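Counting starts at 1 for both ligands and their atoms, in listed order. Bear in mind the structure is a predicted one, so any value in this text is a computation, not a measurement.
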Amino acid sequence: MQVPAAFQYETATSLEQAIELLTRYGPEARVVAGGHSLLPMMKLRLAQPEALIDINGLGELALIRVDGHELSVGAMVRHAELLASPVVGEHFPILRDAELVIADPLVRNRGTVGGSLCQADPSEDLSAAFSALRATLVAQGPGGRRTIGIREFFLGPYETALDEAELLVEIRVPIRSHASAYRKVERRVGDWAVVAAGAVLEISDGVITQAGIGLTAVGAPQFVAERAEDFLRGGRPDDEGFAEAGRIASQECRPTADQRGPVDYKRHLVGELTARALRAAAARAQGQEA
Ligand SMILES: Cc1cc2nc3c(=O)[nH]c(=O)nc-3n(C[C@H](O)[C@H](O)[C@H](O)COP(=O)(O)OP(=O)(O)OC[C@H]3O[C@@H](n4cnc5c(N)ncnc54)[C@H](O)[C@@H]3O)c2cc1C
């Protein structure tokens, strides 16, 4: 049986206390949220924190709110809560689509939105979905609060822009007129993505004024396909343009061969899923369910 190395365990009762504990224990301390990523890594001894700071008691981080014209998702919101949220379903179908295919109900009941982003796993679905939405992340540390654009948050696999004693507090996304969708291929239900693509479209007078394309599991820098986004902006939302955007996305990502498939297959999936997500988003913009 795999067991983690010994560690100190602390329960934070406030955000301030969590930051104080992180500061006191230093670089060898980690916060634990749902524990679904961290604990398996500890059991495999890939992570050996000297102290775990449990933030499950921080109810202030577990809210989904509409704040002015923005959706605010607390870092401790569970996957299942994001999936069940009516405001998320109405304004951000890309998040609902993604949550429907993340793991299984056991993981979704416990795993958190903040933990998913902070883990920065290259195959994480929410990282791609929130990157397509150009979300803003709010972090808090000993020096106070700061905001980080999600496209500056991911520094590389398992690496983020958070400072040592900083916590991710909330994720903010403007509620504006846009349409979105997420499409994933997995080997079996509940598995990590072979490839997944998310699309966000803002359309005005029949022209695309802004586009977001998020990709996961294919080494796309910051989980996005920027050249495909540039191509779409200013064009018409039609099948031909979507297929070309998919082709560009398939060229700009950097998949590697693994047990989920060879590089060519993954590039093909990127093209296909990007086009499908764009078509589904465009259909939703016209009030059709996709
Ligand atoms: C069987 C299984 C299947 C899965 N399938 C999928 C899938 O299909 N798609 C997918 O996207 N994901 C999948 N996951 C991953 C799952 O989404 C994540 O494990 C989980 O949501 C991470 O959140 P957590 O709350 O469990 O994080 P934890 O494991 O508690 O933490 C992860 C990391 O983030 C840090 N952290 C957590 N919260 C904060 C915070 N607020 N501020 C700063 N740092 C923080 C921790 O210190 C740790 O380093 C799967 C996981 C499992 C176990």
Side-chain angles (χ1 to χ4, degrees), residues 4 7 9-10 12 15 18-19 21-22 25 27-44 46-58 60-63 73-83 94-95 97-131 137-141 145-146 148 153-154 157-171 182 184-196 198 214-217 223 260:
F7 57 87
Y9 174 80
E10 301 269 6
L15 188 51
I19 293 165
L21 286 166
L22 278 176
Y25 280 104
E28 302 309 324
R30 300 282 280 276
V31 297
V32 60
H36 272 306
S37 293
L38 184 55
L39 295 188
M41 288 179 76
M42 289 172 63
K43 285 182 176 179
L44 293 168
L46 294 172
Q48 297 196 28
E50 285 172 11
L52 276 193
I53 318 296
D54 190 334
I55 56 171
N56 280 274
L58 306 190
E60 69 214 90
L61 301 191
L63 302 174
V73 179
M76 286 302 295
V77 167
R78 313 281 168 182
H79 289 296
E81 292 165 338
L82 197 69
L83 178 57
I94 186 174
L95 297 178
D97 288 351
E99 282 295 1
L100 276 169
V101 289
I102 290 178
D104 51 44
L106 289 180
V107 174
R108 292 201 294 262
N109 281 340
R110 191 76 191 154
T112 64
V113 175
S116 295
L117 299 183
C118 292
Q119 178 69 10
D121 186 302
S123 298
E124 198 73 50
D125 289 292
L126 286 186
S127 302
F130 277 112
S131 293
L137 309 188
V138 181
Q140 184 164 333
R145 284 198 174 198
R146 66 176 177 130
I148 310 166
F153 183 72
F154 299 112
Y158 309 102
E159 206 187 336
T160 73
L162 283 182
D163 288 337
E164 237 166 63
E166 258 184 336
L167 282 168
L168 176 61
V169 175
E170 63 175 330
I171 301 101
Y182 192 80
K184 172 173 172 175
V185 165
E186 52 197 356
R187 290 178 304 178
R188 55 183 177 271
V189 172
D191 197 4
W192 293 84
V194 177
V195 174
L215 299 175
T216 201
F223 293 93
R260 290 188 168 81

[atom]: the protein heavy-atom neighbour that sits closest, reported with distance to 0.1 Å:
atom	result
atom 35 (C) of ligand 1	C118 CB, 3.7 Å
atom 4 (C) of ligand 1	A103 CB, 3.4 Å
atom 10 (C) of ligand 1	E124 OE2, 3.2 Å
atom 15 (C) of ligand 1	W192 CH2, 3.3 Å
atom 53 (C) of ligand 1	H36 O, 3.6 Å
atom 33 (C) of ligand 1	Q119 OE1, 3.2 Å
atom 29 (O) of ligand 1	L38 N, 2.7 Å
atom 19 (O) of ligand 1	S37 OG, 2.6 Å

Selected option - heavy-atom contact closest to [atom], from [options]:
atom	options	result
atom 21 (O) of ligand 1	H79, M42, M41, Q140	H79
atom 23 (O) of ligand 1	A47, A33, A165, G115	G115
atom 28 (P) of ligand 1	A18, A217, G35	G35
atom 25 (O) of ligand 1	L39, D121, T112, V113	T112

Between [X] and ligand 1, is there a nitrogen or oxygen pair with a distance under 3.5 Å?
X	answer
S116	yes
L168	yes
E166	no
L167	no

Only one of D97, I102, V101 passes side chain to side chain contact (heavy atoms under 4.5 Å, CB included) with E99; say which it is.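 Testing each of D97, I102, V101 against E99, the sole residue satisfying side chain to side chain contact (heavy atoms under 4.5 Å, CB included) is I102.
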Is the closest heavy atom of D104 to ligand 1 under 4.0 Å?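 No, D104 has no heavy atom closer than 4.0 Å to ligand 1.
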Within-shell test, K184 vs ligand 1, heavy atom, strictly < 4.0 Å: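 Yes; K184 lies near enough to ligand 1 that a heavy-atom distance drops under 4.0 Å.
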H36 to L106 - nearest heavy-atom pair and separation: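 Looking at all heavy atoms of both residues, the shortest contact is NE2-O, 3.8 Å.
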Shortest non-hydrogen contact between T160 and A120, atoms and distance: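 Looking at all heavy atoms of both residues, the shortest contact is CG2-CB, 3.8 Å.
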Please list, in number order, the atoms of ligand 1 under 4.0 Å from a heavy atom of A75.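 Taking each heavy atom of A75 in turn, ligand 1 has 41 (N) under 4.0 Å.
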How long is the gap from [atom1] on [X] to [atom2] on [Y], to the nearest 0.5 Å?
X	Y	atom1	atom2	answer
L162	I148	CG	CD1	5.5 Å
L15	I55	CG	CD1	8.5 Å
R30	Q48	CZ	CD	11.0 Å

After noting the C-alpha distance and the side-chain angles of E124 and L117, does the key distance pass the side-chain contact (heavy atoms from CB on, under 4.5 Å) rule? CA-CA 8 Å; E124 198 73 50; L117 299 183; 5.7 Å; no
Applying a heavy-atom cut-off of 4.0 Å, say which part of V31 lies close to ligand 1: side chain, backbone, both or neither.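 Both the backbone and the side chain of V31 come within reach of ligand 1.
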Which bit of L162 gets closer than 4.0 Å to ligand 1, counting heavy atoms only: side chain, backbone, both or neither?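 For L162, only side-chain atoms sit under 4.0 Å from ligand 1.
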